[in-house]
Structures are given as structure tokens and as C-alpha cells.
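This report refers to the structure that appears directly beneath it.
This is a predicted model, so every value here is computed, not measured. Sequence lines set the chain letters: A, B, ... in the order given, protein chains first and strands last, and positions in each chain run from 1.
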Number of protein chains: 2
Amino acid sequence: MRLTTKGRFAVTAMVDLATRGGRGPVTLAGISERQKISLSYLEQLFGKLRKNNVVASVRGPGGGYCLARPASKISIVDIIIAVDEPLDATNCGAQGNCCDGKPCLTHDLWFGLNEKIHEYLAGVNLQQLVDGQAKNNSDAAPVTMTKSTGKSAHVPA
Amino acid sequence: MRLTTKGRFAVTAMVDLATRGGRGPVTLAGISERQKISLSYLEQLFGKLRKNNVVASVRGPGGGYCLARPASKISIVDIIIAVDEPLDATNCGAQGNCCDGKPCLTHDLWFGLNEKIHEYLAGVNLQQLVDGQAKNNSDAAPVTMTKSTGKSAHVPA
DNA sequence: GGGTATTCTATTATTCCTCTAGGGACGGGG
DNA sequence: CCCCGTCCCTAGAGGAATAATAGAATACCC
């Protein structure tokens, strides 16, 4: 789970798309102008979003992009993961063997923290953003950070 | 609030420092070797941490770095913000005038989401990481994302 | 069928971030 | 005073993020 401008641009564009999704496909040129994001960059981002089945495209005049499913079924993580591939911050390639063959304590810490942020963002969907309110209830249940759960805590790709 | 390897390395190093902080200053060379982070990179990170009063330094032989305050008073956000200066994901320099003089809807959305992540990470402190468990209780209370609160929702520097 | 709007793909340039390299400043011990 | 361990600073290489450009493919409309 990386959190950079790239993911933010993608979410911004997706919010724009979701707010006008009801009236047919939305063109990237329109999103580019409204959100002030360069068209060619948007093309790159939406290429990834399409490959990850977050959006669908319609070519030709009158074409553009649509959400691949209802906005309430698209979470922020879906978007961010689609454009911003997960990042390994460890120095042993997530092998957990950087410290004398044992996983460093920090590995487990990061995996746990990572998972919590992940779950939090998974709990916010596009529709909520469009409605102008983030998630308030906490069904992204707090996760007790168990050590040595190993790789199960890693972020899904 | 950016979330990159840089911040993670800093937190990793700080956990290392906190676990051995009781016995005098800790050298960067030691952290470098234990955590497999390049020494000169650590020097940069700790330079920023020092300027943000997260750590204190002692020069000369026997010197090193200490926590500037108890580990329970240092939150993850303190560390991340110190090394990873906040980033403006808007295209109008957070002026809120990119869309016909009015703030884009996405600005408020981002500020709100930003604030929630911020608060979540602010609720986890170093001591908890050292003890091997993240925060379970949710006193990083969920924040209703109010639109048009404007700049008050921005991440403090 | 030709014209045009649009997605799609590729190549390249530019700017920014990450990380490395090397030298300088300070301070304690002989 | 000299030596060495440590923090401290700056510059730059390398790579990733962002942007520009060019063109190909597709599909609507006349």
C-alpha cells in the first residue's frame, strides 16, 4: 500500500467519472480539463484501471469510460492498487530472513500496519466519496497485530 | 500524508532506536547494520528527524541518537511527516480555485480522507510498535467528512 | 466509404524522488 | 595537540513519476 499522488490522481479521476457516470461514457478529455490532469497521464492510469476491471471503455465518437460496476462496489483500495503496484519496503524481498534467518520485528509491524491501512481504505467506496462523506462506521475492524503471522499479512496484489 | 519506503525506513529505524534507547545514544552505524539501511540514507533521515525534534543527537565518540521524548509520545505520523514532507496532490496549489474559482469537490474529499489516515497513524505510537502490537482501540475517532471546511483539514507540517 | 471522435499503444522528454558517495565539523581520549 | 568516532552537509547518479507527442485502431455519422 503506497500512498502517492499517482493513486490520488486516479481516485480524483474516478470520483469525477462516478459523478457523471449515469449519463453514458465519460471522456478522458473531459476529466482532464475538469480535474487538471494531463490527458496522456490519464490514459496511462485508465489503461491500468481497465486491465484491473475497475472501469470499462467504449471506443469511437460518443465513447469514453464507465465504471465497471456500481460505485458502491468500488473501494478506494481497488483504485489505488490498480494504478500503484504494491511496494516492498523490506530489505530482504519480504523473505523474512534479513536478520540472521529470522524475520525482523519490523517486518511484522509493517505488515500489520499495512493491513490496517489497507482495510481502512477498503472500507471506503466510491459512492461514499461521491456522496461527500467517508466511512464513519468501523467495519474495517481493528486488527490485532499478531507477530509471526508471516506472509499472510501481506498486501494482496 | 504520503506513504512510501522513505517513511517506512524511518519508522523501522526509529523502532530499532526505541528498543535500545535505554542504554545511551545509539549509533546510525548500528542501525544501518541491523536494519540493512544504507548509512548515508539514515543520516539524511535522521537529519530531518532531528530538525523536527523527534530525536536528539550526541556527537563524538560514544555519541549517537536518542529519542527526543518517551516512545509513547512519538506517533507514527510524527516520524512520517518529519521525513516525508507533506505533498500537495491538488493541481491548484491547495488554493481551492482550480475549478472556476471554487474548490473542486475532490479537494474536500481528499482532505477528509487524508485527515482520517492521518488521525489513524497519529493514534499509533512508537511504544506500541515496540511492544509488538498496534493500536486496537479507536480513539483516533472516526471523523465525519465535512465538506468545505477548507484548509483546516490540511495536514499539519 | 470518408471524416471524425475517441480509446489505445508506444516512444520520448522532463521533472521529481530515492539513495549513494564523499568530505567536513565536532568532541572525547590519549 | 593529534587521532578517531561520530554526526552533519552537499552534490550527484539512477530511476520512477509525470507529461508530451505521434500514431494506430475502432466505431459512429453522414
Report, one line per pair, each donor and acceptor closer than 3.5 Å where one atom sits in a side chain of residues 50-71 of chain A; sequence neighbours left out.
from    : atom 1 : to      : atom 2 : distance (Å)
A/Asn52 : ND2    : A/Lys48 : O      : 2.8
A/Arg69 : NE     : A/Lys73 : O      : 2.9
A/Arg69 : NH1    : A/Asn53 : O      : 3.1
A/Arg69 : NH2    : A/Asp78 : OD2    : 3.1

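Going from atom CZ of B/Arg50 over to atom P of D/dT6 covers 17 Å, rounded to whole Å. Taking atom CG on B/Leu17 and atom C1' on D/dT6, their separation rounds to 15 Å, with Å as the unit. Nucleotide D/dT6 holds its P atom 10 Å from the CG atom of B/Leu39, rounded to whole Å. In this structure, A/Arg8 places its CZ atom 15 Å from C1' of D/dA17, rounding to the nearest Å. Look at OH on A/Tyr41: it is 12 Å from C1' on C/dC16, rounded to the nearest Å. In this structure, the OH atom of A/Tyr65 is 13 Å from the C1' atom of D/dT26, given to the nearest Å. Rounded to whole Å, atom P of C/dA5 lies 16 Å from atom CG of A/Leu28. For B/Leu3 and C/dC17, the CG to C1' distance is 15 Å, given to the nearest whole Å.
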Distances under 3.5 Å between nitrogen or oxygen atoms of protein and nucleotides 21-25 of chain D:
from   : atom 1 : to      : atom 2 : distance (Å)
D/dA25 : N3     : A/Arg59 : NH2    : 3.1

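Within 4.0 Å (heavy atoms only), A/Gly47 reaches no atom of the nucleic acid at all. Contact annotation for A/Phe46: no contact, since no heavy-atom pair falls under 4.0 Å across all strands.
Applying the salt bridge (charged side-chain N to carboxylate O under 4.0 Å, His left out) test to residues at least two apart or on different chains, none of the pairs has a partner in residues 23-33 of chain B.
You'll find a donor-acceptor pair under 3.5 Å spanning the side chain of B/Gln44 and the base of C/dT20, going by distance alone.
The terminal axes of the helix from C/dG1-D/dC30 to C/dG30-D/dC1, fitted over 5 pairs per end, subtend an angle of 10° to the nearest 10°.
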